[in-house]
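For reference, the structure is listed below as structure tokens.
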Amino acid sequence: MTLKECYEAMEGNYEEVLGRLRSERLVQKFILKFLDDGSYELLRKSLETEDYKEAFRASHTIKGVCQNLSLNKLLASSEKLTEALRGGWTPEAAGLAEQVAADYEQTVSAIRELQASLG
């Protein structure tokens, strides 16, 4: 799998991130580091324990990372969840959290496939 194919699988914007970081090597470095980011796990745990302030912070961090790496699909869902959690829990947040989970899994799956193809 190429880096560009990984971006297609994640529904991200490869050209945008390449324009921002100016090097495929840097894009690859940071996209692989995404796997080590603990923000999603923090979001999941915070939602389980009903710590919505921490969940907001975690979803906001995910949103920022996705914006920097042009992970557009996960960016869109995490941005909606962030706004839903801004004032605490809302009924809308439950469905949005499920969408973030699905988009996160799609993203991580593509990155792991890229990682495997790199050896």
Side-chain angles (χ1 to χ4, degrees):
M1 170 180 264
T2 67
L3 186 57
K4 187 173 184 175
E5 290 168 334
C6 179
Y7 264 80
E8 289 169 5
M10 296 183 294
E11 298 182 46
N13 188 326
Y14 176 75
E15 299 303 325
E16 184 178 89
V17 73
L18 194 56
R20 183 177 298 114
L21 297 181
R22 302 218 172 270
S23 158
E24 189 169 290
R25 183 185 60 75
L26 274 178
V27 174
Q28 180 177 303
K29 175 184 173 181
F30 287 116
I31 207 68
L32 292 173
K33 283 185 177 256
F34 183 84
L35 296 175
D36 298 326
D37 182 83
S39 300
Y40 178 73
E41 187 61 26
L42 178 61
L43 172 64
R44 202 179 59 69
K45 286 181 179 177
S46 299
L47 290 173
E48 282 177 12
T49 60
E50 299 180 6
D51 183 349
Y52 301 123
K53 184 175 181 179
E54 192 66 19
F56 168 79
R57 191 176 72 75
S59 65
H60 194 275
T61 300
I62 293 166
K63 179 184 87 160
V65 170
C66 290
Q67 191 168 28
N68 288 332
L69 294 175
S70 299
L71 303 176
N72 294 357
K73 186 172 185 181
L74 182 55
L75 169 61
S77 60
S78 62
E79 188 170 41
K80 289 176 185 172
L81 179 59
T82 298
E83 291 311 310
L85 290 171
R86 187 171 292 281
W89 184 252
T90 65
E92 178 188 24
L96 293 170
E98 288 178 19
Q99 186 61 55
V100 168
D103 295 347
Y104 180 83
E105 194 51 48
Q106 178 183 351
T107 300
V108 168
S109 178
I111 296 170
R112 287 187 179 128
E113 191 174 335
L114 172 67
Q115 188 178 46
S117 72
L118 296 172

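Shown are Leu71, Thr107, Val17; of these, the side-chain contact (heavy atoms from CB on, under 4.5 Å) with Ile31 is made only by Leu71.
A salt bridge between Glu41 and Arg44 is present, with a side-chain N of the basic residue lying under 4.0 Å from a carboxylate O of the acidic one. Salt-bridge formation is not detected for the pair Glu48/Lys45: no Lys NZ or Arg NE/NH1/NH2 atom is positioned less than 4.0 Å from an Asp or Glu carboxylate oxygen.
Applying the salt bridge (charged side-chain N to carboxylate O under 4.0 Å, His left out) test to residues at least two apart or on different chains, none of the pairs has a partner in residues 105-116.
Ring geometry, Tyr104 versus Tyr40: the interplanar angle falls under 30°, so the pair is classed parallel (tilted spans 30 to 60°).
The side-chain contact (heavy atoms from CB on, under 4.5 Å) test applied to Ser23 returns Arg25, Leu26, not counting sequence neighbours. Listed by chain and number, the residues in a salt bridge (Lys or Arg N to Asp or Glu O under 4.0 Å) with Lys4 are Glu15 (sequence neighbours excluded).
In the hydrophobic clustering of ILVMFWY residues, with side-chain heavy atoms under 4.5 Å counting as a link, Val108 and Leu69 come out together. Note on Leu35 and Leu42: separate hydrophobic clusters, where clusters join Ile, Leu, Val, Met, Phe, Trp and Tyr whose side-chain heavy atoms are under 4.5 Å apart, directly or indirectly.
Side-chain contact between Leu96 and Ser77 is absent, with no heavy atoms from C-beta onward closer than 4.5 Å.
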Inset, instruction - Mind running side-chain hydrogen bond (donor to acceptor under 3.5 Å, both in side chains) on Ser70 and Glu16 for me, showing each step along the way? - result: CA-CA 7 Å; Ser70 299; Glu16 184 178 89; 2.7 Å; yes
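By the neighbour-count criterion of 12 heavy atoms within 6.0 Å, atom NZ of Lys73 is densely surrounded, having more than that number from other residues, nucleotides or ligands.
When only modelled atom types and interatomic distance are considered, Asp51 and Thr49 share no side-chain donor-acceptor pair under 3.5 Å.
With values rounded to the nearest 0.5 angstrom, Asn68 atom CG is found 8.0 Å from Leu21 atom CG. Note that SG of Cys66 and CG of Leu74 are 3.5 Å apart. Values are rounded to the nearest 0.5 Å.
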